[in-house]
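A short worksheet on the structure shown next.
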Amino acid sequence: VTHGATSGYGYGVLGDYKTLNTYYYNGWYYLYDVTKPMNGVIETRDANNGTTQGGYSVDSNNAFTSSGQAADVDAHKYAGIVYDYYYNTHNRNSFDNAGSTIISTVHYSTNYNNAFWNGNQMVYGDGDGTTFIALSGALDVVAHELTHAVTERTAGLIYQDQSGALNESMSDVFGYFVEPNDYLMGEDVYTPGISGDALRSISDPTAYGQPDHMNDYYYTSSDNGGVHTNSGIPNKAAYNTIVSIGKTKAEKIYYRALTVYLTSSSDFSDARAALLSSTADLYGYGTEYTAVENAWDAVGVY
Ligand SMILES: O=C(O)[C@H](CCc1ccccc1)CC1(C(=O)N[C@@H](Cc2c[nH]c3ccccc23)C(=O)O)CCCC1
Ligand SMILES: [Ca+2]
Ligand SMILES: [Zn+2]
């Protein structure tokens with residue numbers, strides 16, 4: 001066979017073994033996944049501590065087992081898991097619902113304690129080893145970043161003030177829906193020397209300095225009007241909703257609100273209305289509807 005889909009394996013950022021959808025071509029194995037429906041492709045690249053998109057992550061024997069490959073392994077595996085979540089749960093084919101290739105670049109810059117969606121692709125730093133380890137090592141972070149792409153292609157929530165905090169919240173909330181084993185964000189890659197902490201918590205935003213009520217909205221000019229702080233308020237409302245109606249119904253109303261009702265300038269009150277409309281569409285005006293009303297009442301958003 002000259003080229004084609006292959007199955008490889010590797011070790012992730014936390015040293016865990018995982019199988020990989022790779023692609024063989026001309027003597028090299030690529031982190032290039034062509035197994036998704038409707039030709040959705042996932043490709044992973046390596047910036048080699050530079051700040052370019054980098055070249056394809058490749059290996060000579062389809063075993064991505066070196067320490068330098070761990071970030072590549074997780075970025076690739078987790079992007080595939082997030083693709084599968086959106087396709088299987090919401091029938092969405094990639095971030096644009098048109099099967100666009102999902103591109104990740106790892107080893108971005110040096111000691112880079114962050115990750116981002118740059119409008120075209122995901123980019124992950126390695127962390128400095130104290131504040132963070134390689135950020136693609138957390139499935140909820142990967143889901144957070146890819147959800148920015150979904151939001152951009154749907155509601156288009158402007159990344160400023162309340163619409164920006166909603167944008168942030170959607171990424172944290174879908175980060176939970178993809179990785180529902182805790183209500184924390186980023187715990188797997190944050191402060192390796194400290195256990196049990198995280199970047200944020202949707203069950204208790206105040207644990208990490210975020211407000212969980214409109215009375216404590218943080219007015220600031222930094223961070224696009226405090227989008228990573230004020231997201232605590234809609235995050236808490238989402239937690240309240242999840243606890244009362246369950247994940248399966250909650251993720252349906254959130255996806256419908258994001259793709260049908262929310263717009264670029266939606267504020268918190270618009271989000272309440274969007275979620276209530278979505279709930280009514282899907283489940284009527286019964287217990288689920290009341291639960292969503294209560295969830296937002298509790299954070300002071302009407
Ligand atoms: O996607 C996002 O919202 C964040 C993107 C941040 C960014 C934006 C523009 C250019 C570069 C970086 C990245 C994440 C984030 O929430 N970052 C926060 C918290 C944070 C991470 N690393 C930091 C270093 C210093 C200060 C704050 C941070 C932020 O940038 O505020 C999301 C999940 C994990 C990292
Ligand atoms: Ca988590
Ligand atoms: Zn974000």
Side-chain angles (χ1 to χ4, degrees), residues 13-14 47 51 53 71 74-75 78-79 81-82 85 95 104-106 108-192 194-205 207-210 218 220-232 234-235 238-239 242 247 251 258:
V13 171
L14 301 178
T51 53
Q53 180 181 53
D74 279 345
Y78 292 158
I81 289 173
V82 180
Y85 169 80
F95 55 89
S104 303
T105 292
V106 297
Y108 174 83
S109 188
T110 52
N111 296 329
Y112 189 67
N113 280 322
N114 226 325
F116 55 96
W117 169 261
N118 74 359
N120 301 303
Q121 63 163 96
M122 293 177 280
V123 182
Y124 300 95
D126 290 329
D128 60 13
T130 301
T131 306
F132 283 100
I133 55 176
L135 280 91
S136 59
L139 173 57
D140 56 8
V141 170
V142 175
H144 179 111
E145 298 309 342
L146 201 51
T147 299
H148 277 310
V150 174
T151 298
E152 212 174 74
R153 302 305 182 99
T154 54
L157 288 160
I158 296 158
Y159 207 61
Q160 182 70 36
D161 303 326
Q162 285 195 23
S163 56
L166 276 178
N167 184 317
E168 267 304 301
S169 178
M170 284 294 169
S171 279
D172 280 351
V173 171
F174 279 93
Y176 166 78
F177 289 144
V178 173
E179 188 196 49
N181 45 341
D182 57 57
Y183 292 113
L184 301 174
M185 168 48 65
E187 70 286 345
D188 290 342
V189 294
Y190 187 62
T191 59
I194 303 166
S195 67
D197 67 342
L199 258 185
R200 295 183 288 275
S201 162
I202 67 168
S203 59
D204 182 14
Y208 301 105
Q210 292 186 287
Y218 177 56
T220 177
S221 59
S222 59
D223 189 32
N224 298 93
V227 298
H228 291 97
T229 302
N230 294 309
S231 56
N235 281 359
Y239 168 75
I242 291 158
K247 173 182 183 287
E251 66 194 338
L258 185 61

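Positions are given from 1, in the same order as the sequence printed here. Every number for a ligand or one of its atoms is a count from 1 in the order of the listing.
Residue Tyr124 does not touch ligand 1, judged by heavy-atom distances below 4.0 Å. With a heavy-atom cut-off of 4.0 Å, Val227 does not touch ligand 1 at all.
Interatomic distance, CG of Asn120 versus CZ of Phe95, reported as 8.0 Å (0.5 Å rounding). Going from atom CD1 of Ile133 over to atom CG of Asp188 covers 8.0 Å, rounded to the nearest 0.5 Å. To the nearest 0.5 Å, the span separating CG on Asn224 from OG1 on Thr229 amounts to 11.0 Å.
Inclusion of Leu184 in the first shell of the Ca ion (ligand 2) is supported: an N, O or S atom falls under 3.0 Å. Taking 3.0 Å as the criterion, Asp188 does not count as a coordinating residue of the Ca ion (ligand 2), since none of its N, O or S atoms falls below it.
In summary, the atoms of ligand 1 found under 4.0 Å from a heavy atom of Asn113, numbered by their order in the structure, are 21 (C), 22 (N), 23 (C), 24 (C). Contact atoms of ligand 1 toward His148: 1 (O), 2 (C), 3 (O) (distance under 4.0 Å to a heavy atom of the residue). The contact set between ligand 1 and Leu199, taken as ligand atoms under 4.0 Å from a residue heavy atom, comprises 19 (C), 34 (C).
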Go through Asn235 and Tyr183 one step at a time and tell me if the side chain to side chain contact (heavy atoms under 4.5 Å, CB included) criterion holds. CA-CA 10 Å; Asn235 281 359; Tyr183 292 113; over 6 Å; no
Report the C-alpha separation of Asp140 and Leu184 in whole Å, then their side-chain angles, then the decisive distance to 0.1 Å, and conclude whether the side chain to side chain contact (heavy atoms under 4.5 Å, CB included) test is met. CA-CA 9 Å; Asp140 56 8; Leu184 301 174; 5.5 Å; no
Does the pair Tyr159 and His148 meet the rule for a ring-ring contact (aromatic ring centres under 6.0 Å, His included), with working shown? CA-CA 10 Å; Tyr159 207 61; His148 277 310; 5.8 Å; yes
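Distances from atom 28 (C) of ligand 1 to the heavy atoms of Asn114, Asn224, Val189 put Asn114 nearest. Among Met185, Glu145, Glu168, His228, the residue whose heavy atom sits closest to atom 1 (O) of ligand 1 is Glu145. For atom 11 (C) of ligand 1, the choice among Tyr112, Phe132, Tyr190, Tyr159 with the nearest heavy atom turns out to be Tyr112.
No heavy atom of Gly186 sits closer than 4.0 Å to any atom of ligand 1.
With hydrogens and angles ignored, the 3.5 Å screen pairs no side-chain donor or acceptor of Ser171 with any backbone N or O of Glu168. In this structure, Asp223 contributes its side chain and His228 its backbone to a donor-acceptor pair below 3.5 Å. With hydrogens and angles ignored, the 3.5 Å screen pairs no side-chain donor or acceptor of Glu187 with any backbone N or O of Asp197. Here the side chain of Asn230 pairs a donor or acceptor atom with the backbone of Gly225 at under 3.5 angstrom. A donor-acceptor contact shorter than 3.5 Å links the side chain of Thr151 to the backbone of Thr147. Distance alone, capped at 3.5 Å, places no donor-acceptor pair between the Tyr78 side chain and the Ser136 backbone. Looking only at distances, a side-chain donor or acceptor of Thr105 sits under 3.5 Å from a matching main-chain atom of Gln53.
Taking the Ca ion (ligand 2) as reference, the nearest N/O/S atom within Asp182 carries the name OD1. Taking the N/O/S atoms of Asp140 in turn, the shortest distance to the Ca ion (ligand 2) belongs to OD2.
More than 12 heavy atoms of other residues, nucleotides or ligands sit less than 6.0 Å from atom OH of Tyr208.
There is a protein heavy atom closer than 4.0 angstrom to atom 18 (C) of ligand 1. Remark: atom 34 (C) of ligand 1 lies closer than 4.0 Å to at least one protein heavy atom.
Between the OE1 atom of Glu179 and the OE2 atom of Glu187, the angle taken at the Ca ion (ligand 2) works out to 80° after rounding to 10°.
Looking at atom 8 (C) of ligand 1, its nearest protein heavy atom turns out to be Phe116 CB, 4.3 Å. Of the protein's heavy atoms, Ala115 O, 3.1 Å lies nearest to atom 5 (C) of ligand 1.
The distance criterion of under 3.5 Å between nitrogen or oxygen atoms is met by His144 with respect to ligand 1. Among the atoms of Asp223, none of the N or O lies under 3.5 angstrom from an N or O of ligand 1.
Contact detail for Gly175 and Ala143: the closest heavy-atom pair is CA-CB, 3.9 Å.
Near the Zn ion (ligand 3), less than 2.8 Å away, sit the protein N, O or S atoms His144 NE2, His148 NE2, Glu168 OE2.
Aromatic ring orientation, Tyr85 versus Phe174: perpendicular (interplanar angle above 60°, classes split at 30° and 60°).
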